[in-house]
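The structure appears below as structure tokens.
Predicted, not measured: the structure shown is a model, and the values here were computed from it. In the text below, chain A, chain B and the rest are named by the order of the sequence lines, each starting its count at 1.
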Amino acid sequence: MPRYNPAEIEPKWQAYWEKNKTFRCPDFPDPQGKGKLYVLDMFPYPSGAGLHVGHPEGYTATDIYCRYWRMQGKTVLHPMGYDAFGLPAEEYAIRTNTPPRQSTEANIANFTRQLKMLGFSYDWDRALATTDVEYFRWTQWIFLVLFDTWYDPDLQKGRPISQLPIPEAVAVLGDEAIASYQDRHRLAYQDDALVNWCPALGTVLANEEVIDGRSERGDHPVQRIPLRQWMLRITAYADRLLGDLELLDWSAGIKKLQADWIGKSTGAEVDFRIVKQDQASCPEESIRVYTTRPDTLFGATYLVVAPEHPLVAKITPDAYAAQVKEYCEAASFKSDRDRTEADKQKTGVFTGAYAINPTTQQPIPIWVADYVLGNYGTGAIMAVPAHDVRDHEFALKYRLPIVRVVEPLDATLEELEKIRSGEICFAGEGIAVSSGELDGLRTKDAKAKVIASLEQQGLGREAVNYKLRDWLFSRQRFWGEPFPILHELGPDGTPNGQIRAVPVADLPVDLPHLEDYKPHGRPEPPLGKADASWLYVELDGKKYRRETNTMPQWAGSCWYYLRFISPRCTEAFVDREQEAAWMPVDLYIGGAEHAVLHLLYARFWHKVLYDRGYVSHPEPFQKLVNQGMILSYAYKDHRGALVPVDLVQEDDQGAVKHTQTGEELQRIVAKMSKALKNVVDPEGVVREYGADALRLYEMFMGPLEATKPWSMQGVNGVRNFLDRVWRLVVDSRSEDLKLSEAVQDIPAGAEHDRVVHSTIAAVTQDIENLSFNTAIARMMEFVNHFTKESVRPKSAMENLTLMLAPFAPHLAEELWRILGHDDSLAYAPWPEADQEKLKIASVEVPIQVNGKVRAKIVMPVGIDKQHAQSLALDNERVAELLAGKEITKVVIIPGKMVNFVIKS
RNA sequence: GUCGCUGUGGCGAAAUGGCAGACGCAUUGGACUUAAAAUCCAAGGACCCGUGAUAGGGUCGUGUGGGUUCGACUCCCACCAGCGACACCA
């Protein structure tokens, strides 16, 4: 085998690693080693389409990192698994008439085959899928932990429900009342929620799965209907989820995304007394609003309540009832997203009722408008049209008064004029005016003063709000984890409202066999069609019906990183000691599309488990890196329409033309898509160029976090590099496999040593910084250097092989063998850069005049400033330029540059 | 609309206060070959001056405009473009 042939050596080494369990990870980190390292990829959803080039990007990065640290002596946990529940699998199953478990397992087998083909150093013995019954047994168990936990706001901690203090008033009502009180406080609770129900898909959808009132998948109409749903009380943890971001080594961008999603705001709740009117029999005294700008209270000229607000009907006088009712009903049919469409004109209706502004004592009208959301704050606002753009827009449309109470600190006269005339609205901070006792105060001080005064009068208080909502956790689908919950049946055989957990000993609750799990257009979950033997349970003499909702796809991915630590543990969801030894995850790499939801949900579950004493760290993922998207070239015609790549041809001049119209096209970068025929299949790349070339190319394209376009010529380029490495070491003309004659077991000279050790230093640094593209460039320089040498020290070739091993492991193993080593190099010590051998005697230093390079002089390393200056002045050209000029300043950075500043 | 990221040769990129364009692709020239492929060696930002040809020298150049600095791709301000996320949260 004289030539580099990845098709032969790659399967050979993959078989070797598998047979020798080279990457098996021990239960505990080696106490003699250099510590533990837990490196995790976001596990894939095993779609029928197989691996996409985007998958190996992150996986190669983590693989390089793991292989490097193994060579540095760390014990590395590096697992892989599958997030396999979910709607696409179920849809596919319905379409092809195969059971979802069967198609899911086939897809997993295909993914595993493709991943193994790329030579990743996973411990495959730890592989798992969220659909494994033995896995979701513990997903259900964790759900029961959530069900068994309430959040104690005083201790800021989740505690067992048995420790929830029961108020005397509840206790006297008996066991049922206590149970219902407890149920209302659990982290997993049931609630009547307005959901996005899609009859065609037969399920509720998350808000992000609904676009303009239609489903993202299939474009079916979506309705808003109230349904009894399971909710998870993530809002209880909002403050900790926000505060603990500080502990994490995540990019500022991702932290900000999460912080914005949680959306903490501080302001005040203010009570507005309702003006009693003869017609309305309103028992309530006041409406409570939430505002972040209590300092603008004097400018509140009307109130707005959400259409869902419980007081709407009570405060509306009969004369207005019909139109208010009509408006509220119309609003109830709109989705949240419809209502919040920004470019939409605001609408609203006057209720006919008035409230008293507590500062001015003036009556102000109360309106209903759907720009106020029922489920944020108190569902009601005080409108300050002079200082809030939304209120301003609404006030202009309905001709409501605008009263200016804040002046900007630094505005141009022109701006000030417009603000004073009410033409534009000023929403910033400034100085209070026309606000009685607040006049002259800065916004911050005015807020404090008005809150204090409201508190004194019992009319308001400081308040905090979050955008984050509780998590709607149930789906009406077949292919998900069943809830381990039982509904007690009354004497008439229908649920009586009492619920209980399935005893832990009875877990898992497996999915029943269903002949027909297709959607039927009604919101009852498909599991309701299960046999009575599954559906009905008798326990302690009572009859129960199982909960028939299933969990959303997010559930399984909320804790898989814990199961990887002890995947076969039968006693617990994770072995306690092993958890303490391996957690937290040291490096987590995945796509930015999971920046908010997955990472927030997983952090939430982790904190609950932490509070309940099941895990040892408050946060699961210490360092997070988002790999960039891999895009493809696409072509656009004069109209801006995209042209499929098979209709594009490049001519001799390098211009791209449409093969049919001959029109010259513009090359752009776009997402890969089947329609554009520019999807790159990783398996095809492996066949043509080899797995090592694919891995190397994905890393050489550019920085890990950047989005970058795929180029087959680039793949060819790195393959060319691997060929050069091969020829550097191996005699490619010989019939049998042997070292090149240039490779000799001789000591390296000073020049060779410098190249070797500077490469080691650079590559080591680059790997630790995840800067793989520059690490590869350094190895290319190394190869370019030694290719020119007719004698290549064997030790230098060994160092190169070791450095290349994390990137191109198959080739490196093969070269290692040819260099005379019997073992795999997976655990060979990483080469160390010898600082002594990096030292050089002299450097070339640029000499600048007024910042422009005018000469270059070789100077000894470590020269002092004075000598550097005189050497520079000795230079003929420099002397010439400085002749007769006055030198005003000389800047000298020894070893870097000398700059003479002269008067011109 | 708001927020974030990105803007550097023909292309992917490097350098993140000190010689802009490392490394790779594509291109061009040379060696090898009967020839081609492969391989190896070499050249290369643009423009100008200079020379028989070299050598050599100059000006400009990192999206645009301004600023800080002896010195800016790098830091600051404003703007433009592309991509992405969020979107009436009071």
Side-chain angles (χ1 to χ4, degrees), chain A residues 3 208 251-254 256-257 260-261 263-265 267 289-293 296 304 336-337 339-344 346 369-373 375-378 380-384 387-391 393-394 427 465-469 592-593 595-596 628-629 631 633 650 653-654 667-671 697 700-703 705-718 720-721 723-724 727 732 771 773-781 783-784 787-788 844-856 877 888-893 895-902:
Chain A
R3 301 181 75 168
E208 51 272 20
S251 75
I254 294 287
K256 191 172 183 313
L257 271 174
D260 287 352
W261 191 266
K264 182 176 183 171
S265 79
V289 305
Y290 173 71
T291 178
T292 55
R293 289 297 297 274
T296 61
V304 187
D336 259 2
R337 194 152 280 226
R339 278 175 54 172
T340 58
E341 214 49 65
D343 43 338
K344 201 196 65 164
K346 287 184 177 41
D370 68 5
Y371 81 89
V372 172
L373 305 174
N375 53 0
Y376 180 77
T378 61
I381 61 152
M382 62 178 218
V384 185
H387 304 293
D388 181 283
V389 287
R390 298 151 304 188
D391 299 342
E393 186 194 329
F394 193 79
N465 261 302
Y466 299 92
K467 283 201 228 179
L468 187 68
R469 302 289 149 79
E593 65 273 20
V596 177
M629 215 187 315
L631 305 174
Y633 288 118
E650 197 171 332
Q653 275 80 51
R667 190 173 80 166
I668 58 154
V669 170
K671 281 185 192 168
Y697 175 64
F700 190 60
M701 289 171 87
E705 296 184 67
T707 52
K708 44 218 174 253
W710 186 273
S711 146
M712 275 304 174
Q713 287 178 332
V715 185
N716 198 48
V718 293
N720 195 29
F721 164 68
D723 280 309
R724 279 165 68 86
R727 286 192 298 268
S732 57
S771 178
N773 53 332
T774 51
I776 294 165
R778 298 311 293 258
M779 289 189 278
M780 286 173 168
E781 287 180 280
V783 170
N784 289 346
T787 295
K788 294 187 191 100
E844 193 182 53
V845 174
I847 311 302
Q848 303 178 347
V849 176
N850 282 350
K852 287 189 175 147
V853 180
R854 298 299 182 184
K856 292 176 186 179
R877 173 137 180 85
T888 54
K889 190 170 180 179
V890 185
V891 183
I892 303 165
I893 313 287
K896 282 277 189 186
M897 48 76 67
V898 177
N899 186 15
F900 294 100
V901 184
I902 58 172

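In this entry the distance linking CD1 of I668(A) with P of G7(B) reads 19 Å, nearest Å. Nucleotide G71(B) holds its P atom 18 Å from the CD1 atom of I847(A), rounded to whole Å. Protein atom CG of N375(A) is 13 Å distant from nucleotide atom C1' of A90(B), rounded to whole Å. K708(A) places its NZ atom 17 Å from the P atom of C5(B), with the value rounded to the nearest Å. In this structure, the CD1 atom of I254(A) is 11 Å from the C1' atom of G84(B), given to the nearest Å. To the nearest angstrom, P of G10(B) lies 13 Å from CZ of R667(A). Here C3(B) presents its C1' atom at 8 Å from CG of L257(A), a figure rounded to the nearest Å.
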Determine, for nucleotides 18-33 of chain B in 5'-to-3' order, which nucleotides have protein heavy atoms under 4.0 Å from the base (write B), from only the sugar-phosphate (write S), or from neither (write -). BB--BBSSS-------
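Taking K467(A) as the reference, nothing meets the salt bridge (Lys or Arg N to Asp or Glu O under 4.0 Å) condition, with sequence neighbours excluded. Legend: residues meeting side-chain contact (heavy atoms from CB on, under 4.5 Å) with D723(A), ordered by chain and number and at least two apart, are Y4(A), R719(A), R727(A). In this structure K256(A) satisfies the salt bridge (Lys or Arg N to Asp or Glu O under 4.0 Å) test together with D260(A), sequence neighbours excluded. Listed by chain and residue number, E844(A), V853(A) satisfy the side-chain contact (heavy atoms from CB on, under 4.5 Å) test with K856(A) (two or more places apart in sequence, or in another chain). For A592(A), the side-chain contact (heavy atoms from CB on, under 4.5 Å) test picks out N626(A), with sequence neighbours left out. Here E781(A) pairs with R778(A) under the salt bridge (Lys or Arg N to Asp or Glu O under 4.0 Å) rule; sequence neighbours left out. Scanning for side-chain contact (heavy atoms from CB on, under 4.5 Å) contacts around S251(A) gives I254(A), with sequence neighbours left out. The ring-ring contact (aromatic ring centres under 6.0 Å, His included) test applied to Y697(A) returns W710(A), not counting sequence neighbours.
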What does the 5'-to-3' dot-bracket notation of RNA chain B look like when only Watson-Crick and G-U wobble pairs under 3.5 Å count, and pairs to other strands show as |? (((((((..(((.....[....))).(((((.......))))).(((((......)))))..(((((..]....))))))))))))....
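Residue order along RNA chain B, read from the 5' end via each residue's closest nucleotide, puts F900(A) first among F900(A) and D388(A). Place D260(A) and D723(A) on RNA chain B by their nearest nucleotides, and D260(A) ends up nearer the 5' end.
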Polar atom pairs (N or O), protein with nucleotides 81-83 of chain B, under 3.5 Å:
none

At a cut-off of 3.5 Å, list every protein nitrogen or oxygen paired with a nitrogen or oxygen from nucleotides 59-63 of chain B, distance to 0.1 Å.
unit_1, atom_1, unit_2, atom_2, d
U59(B), OP2, R854(A), NH1, 3.4

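Residue contacts shown for F394(A) are absent, as no nucleic acid heavy atom lies under 4.0 Å away.
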